[in-house]
Amino acid sequence: MVDLTFLTRVDCHLCADALQNVTEVAAGRDVTVTEIDIDTDDDLAAQYGWDVPVVLLNGRQHSFHRVDRDRLAKALDALGA
């Protein structure tokens, strides 16, 4: 199982587009997707600021701003998801 954390914030158009890509790529895979609004966590807000959306795979940053479906799919394949 792969833990995919999607860091976002309210009213972020890039986040909405990226979440759609994440959802489609993760569908049917052994992936747990957790969505976190960074504005609800001071540490995350300080760390990522305006670099959302951010995708973390098993806690490691995979991408930010935009999510490339093919790149994400390959990363998930490599992790066995």
Side-chain angles (χ1 to χ4, degrees):
M1 164 141 354
V2 174
D3 291 317
L4 186 155
T5 305
F6 184 77
L7 303 177
T8 186
R9 70 172 12 117
V10 174
D11 295 328
C12 169
H13 71 280
L14 289 178
C15 298
D17 294 341
L19 182 58
Q20 181 176 350
N21 289 339
V22 165
T23 302
E24 291 174 6
V25 172
R29 295 175 180 264
D30 193 14
V31 177
T32 299
V33 177
T34 303
E35 186 175 347
I36 300 174
D37 180 341
I38 68 165
D39 293 323
T40 65
D41 183 305
D42 292 339
D43 292 335
L44 289 175
Q47 183 175 357
Y48 293 103
W50 293 104
D51 285 333
V52 291
V54 176
V55 173
L56 307 174
L57 298 179
N58 293 335
R60 297 187 65 185
Q61 185 171 326
H62 172 266
S63 57
F64 67 99
H65 292 182
R66 302 201 187 281
V67 175
D68 180 284
R69 290 179 191 206
D70 291 336
R71 183 170 176 262
L72 179 58
K74 287 177 186 174
L76 292 175
D77 288 343
L79 293 171

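We number each residue from 1, following the sequence as shown.
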Next item on the list: Write out all pairs satisfying side chain to side chain donor-acceptor pair (under 3.5 Å) with one or both partners inside residues 2-17, taking only residues at least two apart or from two chains.
Entry: R9-D39

Next item on the list: Might you point out which heavy atoms bring D51 and H65 nearest each other, and give the distance in Å?
Entry: OD1-NE2, 3.2 Å

Next item on the list: Output the rest of the hydrophobic cluster of V33: all Ile, Leu, Val, Met, Phe, Trp and Tyr residues reachable through side-chain heavy-atom contacts under 4.5 Å, sorted by chain and number.
Entry: V2, L4, F6, L19, V22, V25, V31, V55, L57, V67, L72, L76, L79

Next item on the list: Output all residues satisfying side-chain hydrogen bond (donor to acceptor under 3.5 Å, both in side chains) with R69, sequence neighbours left out; order by chain, then residue number.
Entry: N21, E24

Margin query: Show every salt bridge (Lys or Arg N to Asp or Glu O under 4.0 Å) that has at least one partner inside residues 70-81, sequence neighbours left out.
Written below: R29-D77

Notebook entry, point to check: Partners of D37 by side-chain hydrogen bond (donor to acceptor under 3.5 Å, both in side chains), sequence neighbours excluded?
Noted result: none

Next item on the list: Only counting residues at least two apart or in another chain, list the ones meeting side-chain contact (heavy atoms from CB on, under 4.5 Å) with Y48.
Entry: L7, I38, L44, V54, L56, Q61

